[in-house]
Asks: 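Right, I'll just put the structure down here and ask away after.
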Amino acid sequence: MAKKLQILVIGHNDNGCTLDHQKIAYETGREIAKNDCVLITGGLGGVMRASCHGAHDAGGLTVGIIPQGEHTFANEFCDVVIPSGMGLTRDFLNALSADGVIIIGGGSGTLSEVCAAYMHRRPMVAIRNTGGTAEQYADSFLDHRENVKIIGVDSPKEAVELILEKITA
């Protein structure tokens with residue numbers, strides 16, 4: 001049996017996560033599950049919870065790598081919970097566990113994960129019109145090294161199709 005592809009979805013936590021972010025994240029999770037991929041998130045609220053909810057409803061497998069040391073902090077849609085006990089350092093675990101990354105909005109925590117993924121050359125797509133980190137870095141590189149261009153897309157379906165194309169290229 002071949003390893004399933006693992007896609008990390010990152011973005012706003014409960015603070016800053018709008019209903020639009022939740023809808024986009026939910027649909028992104030559904031698309032990931034429909035493509036028989038494993039969804040990885042930071043396992044908490046906001047975009048993380050909404051994407052897990054979408055993948056869960058579509059019969060997919062969800063993994064939450066949480067910063068706390070106790071599994072009870074994870075959202076109820078995480079099938080597998082990894083309580084890292086590492087605080088925000090767990091952002092590197094999230095990025096390195098992923099074959100590719102989808103960005104929906106996000107603040108400084110999201111940017112931390114983007115930086116970790118960038119340094120390790122993980123393919124990334126950012127859903128446009130979601131604000132925050134996604135909006136700021138869509139269609140650009142983080143720095144002069146040009147490790148990975150963060151490609152801007154307009155929908156969850158397009159995000160999953162493109163990230164799968166980049167992962168399997």
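Values reported hereafter were calculated over all heavy atoms of this structure, with side chains retained and with hydrogens, waters and symmetry mates removed.
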Asks: Would you say the side chain of Ile167 lies within less than 4.5 Å of the side chain of Arg122, judging by non-hydrogen atoms?
Replies: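 Of all side-chain heavy-atom pairs linking Ile167 with Arg122, none is under 4.5 Å.
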
Asks: Who passes salt bridge (Lys or Arg N to Asp or Glu O under 4.0 Å) against Arg145, sequence neighbours left out?
Replies: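 In terms of salt bridge (Lys or Arg N to Asp or Glu O under 4.0 Å), with neighbours along the sequence ignored, Arg145 is linked to Asp143.
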
Asks: Tell me every residue that passes salt bridge (Lys or Arg N to Asp or Glu O under 4.0 Å) with Asp20, counting only those two or more places apart in sequence or in another chain.
Replies: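 Once residues adjacent in sequence are excluded, Asp20 has no partner under the salt bridge (Lys or Arg N to Asp or Glu O under 4.0 Å) criterion.
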
Asks: Is any side-chain heavy atom of Asn94 closer than 4.5 Å to one of Ile10?
Replies: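 Heavy-atom side-chain distance check fails, nothing below 4.5 Å.
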
Asks: Heavy-atom distance under 4.5 Å between the side chains of Val125 and Ile103, does that happen here?
Replies: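 Answer no - side chains too far apart.
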
Asks: If hydrophobic clusters are built from ILVMFWY residues whose side chains come within less than 4.5 Å, do Ile24 and Leu39 share one?
Replies: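 Yes, Ile24 connects to Leu39 through the hydrophobic network.
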
Asks: Please test Thr133 against Val114 for side chain to side chain contact (heavy atoms under 4.5 Å, CB included), starting from the C-alpha separation and ending with a verdict.
Replies: CA-CA 9 Å; Thr133 300; Val114 168; 4.1 Å; yes

Asks: Group every Ile, Leu, Val, Met, Phe, Trp and Tyr by side-chain heavy-atom contacts under 4.5 Å, then state whether Leu93 and Leu44 land in the same group.
Replies: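 No; tracing contacts between hydrophobic side chains, which count when under 4.5 Å, never links both residues.
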
Asks: Please assess Ile151 against Lys149 for the test side chain to side chain contact (heavy atoms under 4.5 Å, CB included), listing each intermediate value before the final yes or no.
Replies: CA-CA 6 Å; Ile151 307 298; Lys149 186 172 186 178; 3.9 Å; yes

Asks: Supply the members, apart from Phe92, of the Ile/Leu/Val/Met/Phe/Trp/Tyr cluster built from side-chain contacts under 4.5 Å; use none for a lone residue.
Replies: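 Traced through the cluster, Phe92 reaches Met119.
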
Asks: Could you give the distance from CE (Met48) to CD1 (Ile40), rounded to the nearest 0.5 Å?
Replies: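 It comes to 14.0 Å.
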
Asks: His56 versus Asp79: any side-chain heavy-atom pair under 4.5 Å?
Replies: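 In short, these two side chains touch, coming nearer than 4.5 Å.
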
Asks: Residues in salt bridge (Lys or Arg N to Asp or Glu O under 4.0 Å) with Glu31, at least two apart?
Replies: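 Testing Glu31 for salt bridge (Lys or Arg N to Asp or Glu O under 4.0 Å), a comparison that skips the adjacent residues, returns Lys34.
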
Asks: Is it true that Lys4 and Asp36 make a salt bridge, defined as a side-chain N closer than 4.0 Å to a carboxylate O?
Replies: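 Between Asp36 and Lys4 there is a salt bridge, with a charged N closer than 4.0 Å to a carboxylate O.
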
Asks: List the atom of Ile127, the atom of Ala134, and the distance in Å for their closest heavy-atom pair.
Replies: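 The pair with the smallest heavy-atom distance is O-CB, 3.7 Å.
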
Asks: Quick one: list whatever passes salt bridge (Lys or Arg N to Asp or Glu O under 4.0 Å) with Asp57, sequence neighbours left out.
Replies: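 Asp57 satisfies salt bridge (Lys or Arg N to Asp or Glu O under 4.0 Å) with no other residue.
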
Asks: List the steps and the verdict of side chain to side chain contact (heavy atoms under 4.5 Å, CB included) for Ile104 and Val9.
Replies: CA-CA 7 Å; Ile104 302 168; Val9 173; 3.9 Å; yes

Asks: Can you name the residues that form a side chain to side chain contact (heavy atoms under 4.5 Å, CB included) with Ala95, not counting sequence neighbours?
Replies: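 Applying side chain to side chain contact (heavy atoms under 4.5 Å, CB included) to Ala95 gives Ala116, Ala117.
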
Asks: Quick one: which residue pairs count as a ring-ring contact (aromatic ring centres under 6.0 Å, His included) with a foot in residues 103-157, not counting sequence neighbours?
Replies: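 Output for this query is empty, none listed.
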
Asks: Does the side chain of Val80 come within less than 4.5 Å of Cys78's, by heavy atoms?
Replies: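 No, every pair of side-chain atoms sits at 4.5 Å or beyond.
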
Asks: What pairs meet the ring-ring contact (aromatic ring centres under 6.0 Å, His included) rule with one or both residues in residues 1-22, with sequence neighbours excluded?
Replies: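 ring-ring contact (aromatic ring centres under 6.0 Å, His included) check on residues 1-22 returns His12-His21.
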
Asks: Tell me whether Asp139 contacts the main-chain N or O of Gly152 through its side chain, where contact means a donor paired with an acceptor under 3.5 Å.
Replies: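 Flag set: sc Asp139 to bb Gly152 pair under 3.5 Å.
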
Asks: Say whether Val63 and Leu5 are linked into one hydrophobic cluster, either directly or through other cluster members, by side-chain heavy-atom distances under 4.5 angstrom.
Replies: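 No, Val63 and Leu5 fall in different hydrophobic clusters.
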
Asks: Start with the C-alpha distance between Glu135 and Asn129, add both sets of side-chain angles, then the distance that settles side chain to side chain contact (heavy atoms under 4.5 Å, CB included), and finish with yes or no.
Replies: CA-CA 6 Å; Glu135 199 69 32; Asn129 300 314; 4.2 Å; yes

Asks: If you look only at pairs with a residue in residues 81-104, which of them pass as a salt bridge (Lys or Arg N to Asp or Glu O under 4.0 Å), with sequence neighbours excluded?
Replies: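 Checked against salt bridge (Lys or Arg N to Asp or Glu O under 4.0 Å) - neighbours excluded - the pairs reaching residues 81-104 are Lys3-Asp99.
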
Asks: Kindly say whether Cys37 contributes a backbone atom to a donor-acceptor pair with the side chain of Asn35 at under 3.5 angstrom?
Replies: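 Flag not set: sc Asn35 to bb Cys37 has no pair under 3.5 Å.
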
Asks: Tell me the closest heavy-atom pair linking Pro123 and Val148, and the distance in Å.
Replies: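 Closest heavy-atom pair between Pro123 and Val148: CA-CG1, 4.1 Å.
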
Asks: Can you tell me how far SG of Cys115 sits from CG of Leu111, rounded to the nearest 0.5 angstrom?
Replies: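 Between atom CG of Leu111 and atom SG of Cys115 there are 4.0 Å.
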
Asks: Which side-chain N or O atoms in residues 156-165 pair as donor and acceptor under 3.5 Å with protein atoms at least two apart or in another chain?
Replies:
{"unit_1": "Lys157", "atom_1": "NZ", "unit_2": "Glu161", "atom_2": "OE2", "d": "3.3"}
{"unit_1": "Glu158", "atom_1": "OE1", "unit_2": "Asp154", "atom_2": "N", "d": "3.0"}

Asks: Identify each donor-acceptor pair in which a side-chain atom of residues 64-72 lies under 3.5 Å from a protein atom, sequence neighbours left out, and give them as a table.
Replies:
none

Asks: To the nearest 0.5 Å, how far apart are CD in Gln136 and CG in Leu142?
Replies: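 Rounded to the nearest 0.5 Å, the CD-CG separation comes out at 9.5 Å.
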
Asks: Can you get from Ile102 to Val153 by hopping between Ile, Leu, Val, Met, Phe, Trp and Tyr side chains that sit under 4.5 Å apart?
Replies: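 Yes, one cluster joins them.
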
Asks: Give every residue pair that meets the salt bridge (Lys or Arg N to Asp or Glu O under 4.0 Å) criterion with at least one member in residues 44-54, sequence neighbours excluded.
Replies: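 Applying salt bridge (Lys or Arg N to Asp or Glu O under 4.0 Å) to every pair that reaches into residues 44-54, excluding sequence neighbours, yields Arg49-Glu76.
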
